[in-house]
Amino acid sequence: VENDLIRSHNCNVLKKSDAFPKVSVPEGFKFLKLNELGKVFEMLQSQPFTLKAFFLMLALTCLRPGECRQLKFEYFDFNNSVINVPGSLMKVKKNKVFRIPFTNPMKLVYEACRKRQSQDELNFLFTALKNKNKALSEQVLSKAMKNCTQGLMHPHGFRKTARSWFAEQQVNAEVAAKCLDHVLNTG
């Protein structure tokens with residue numbers, strides 16, 4: 001959004017002139033437009049259930065991959081239809097809980113994960129492939145996404161996809177920031 005404002009501003013003419021040095025902007029995490037995500041999920045079909053379920057929940061919740069992979073069954077409050085993510089798990093550490101309203105697709109992922117685990121393993125929603133008492137590792141997730149999509153997308157890209165979609169839908173920047181647990185620096 002900021003880049004769009006900069007590109008459309010009159011000062012952009014000056015920026016393109018020889019008066020200013022050319023600065024390369026890092027690409028950041030690779031992402032797709034919302035209508036292109038179907039391709040990613042088709043590519044992920046060959047992956048183990050846990051990875052497919054994880055990437056679906058990641059897309060549905062817009063959490064950061066590190067936050068999503070540490071989701072526990074106990075965070076799901078079916079009475080209030082909300083996921084209560086402890087602030088200690090969030091990138092911006094805080095004392096208060098980050099609440100995500102959950103939808104029927106999220107509930108289906110939750111139930112499928114629960115069915116696949118025994119009672120003594122019911123800790124993390126997405127367990128490591130070899131040790132059911134640990135959460136999936138970031139490396140496994142990044143490697144799976146990179147291999148399946150031939151480098152087309154990164155797990156964190158789901159958040160960029162969501163942010164782009166919010167902008168296209170003209171969602172208020174403050175609302176979009178709250179949905180993604182971003183800190184606004186608007187003063």
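The residues of the chain are indexed from 1 along the displayed sequence.
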Minimum heavy-atom distance between Ala112 and Phe49, given as atom pair plus value: CB-CZ, 3.6 Å
Return the CZ to NZ distance between Phe124 and Lys134, rounded to the nearest 0.5 Å. 10.0 Å
d(Leu108 CG, Met57 CE) to nearest 0.5 Å is 9.5 Å
Does any pair with a residue in residues 45-66 pass side-chain hydrogen bond (donor to acceptor under 3.5 Å, both in side chains), and if so which ones, sequence neighbours excluded? Arg64-Glu67
Assess the residue pair Leu51 and Leu141 against the criterion (side chain to side chain contact (heavy atoms under 4.5 Å, CB included)); give the C-alpha distance rounded to whole Å, side-chain angles, the decisive distance to 0.1 Å, and a yes or no. CA-CA 7 Å; Leu51 291 173; Leu141 299 170; 3.6 Å; yes
Output for pair (Cys68 SG, Leu60 CG), nearest 0.5 Å, gives 9.0 Å
Could you pull out all residues at least two apart from Ser142 that satisfy side-chain contact (heavy atoms from CB on, under 4.5 Å)? His154, Pro155
Which residues pass the side-chain contact (heavy atoms from CB on, under 4.5 Å) test with Leu180, sequence neighbours left out? Cys62, Arg159, Ala162, Arg163, Phe166, His182
Side-chain heavy atoms nearer than 4.5 Å, only ILVMFWY residues, links allowed to pass through others: does that put Leu58 and Phe41 together? yes
Sorted by chain and number, sequence neighbours left out, side-chain contact (heavy atoms from CB on, under 4.5 Å) with Glu168 holds for Lys33, Trp165
Going by the rule side-chain contact (heavy atoms from CB on, under 4.5 Å), which residues pair with Glu42 if we only count those two or more places apart in sequence or in a different chain? none
Starting at CG of Leu56, measure out to CG of Leu44 and round the result to the nearest 0.5 Å. 10.0 Å
To the nearest 0.5 Å, how far apart are CG in Asp181 and CE in Met90? 3.5 Å
Test ring pair (Phe, Tyr, Trp, His ring centres under 6.0 Å) applied to Phe126 - qualifying residues, sequence neighbours left out: Phe54
Closest contact, heavy atoms only, Thr127 versus Asn131: CB-O, 4.5 Å
Less than 3.5 Å apart, which donor and acceptor atoms pair up between the side chains of residues 71-84 and the rest of the protein, not counting sequence neighbours?
from  : atom 1 : to    : atom 2 : distance (Å)
Asp77 : OD1    : Asn79 : N      : 3.1
Asp77 : OD1    : Asn80 : N      : 3.2
Asp77 : OD2    : Asn80 : ND2    : 2.7
Asn84 : OD1    : Arg99 : NH1    : 3.4

Does anything in residues 136-145 pair up under salt bridge (Lys or Arg N to Asp or Glu O under 4.0 Å), and if so which pairs, sequence neighbours excluded? Arg69-Glu138
Roughly how far, to the nearest 0.5 Å, is CG of Leu125 from CD of Gln70? 12.5 Å
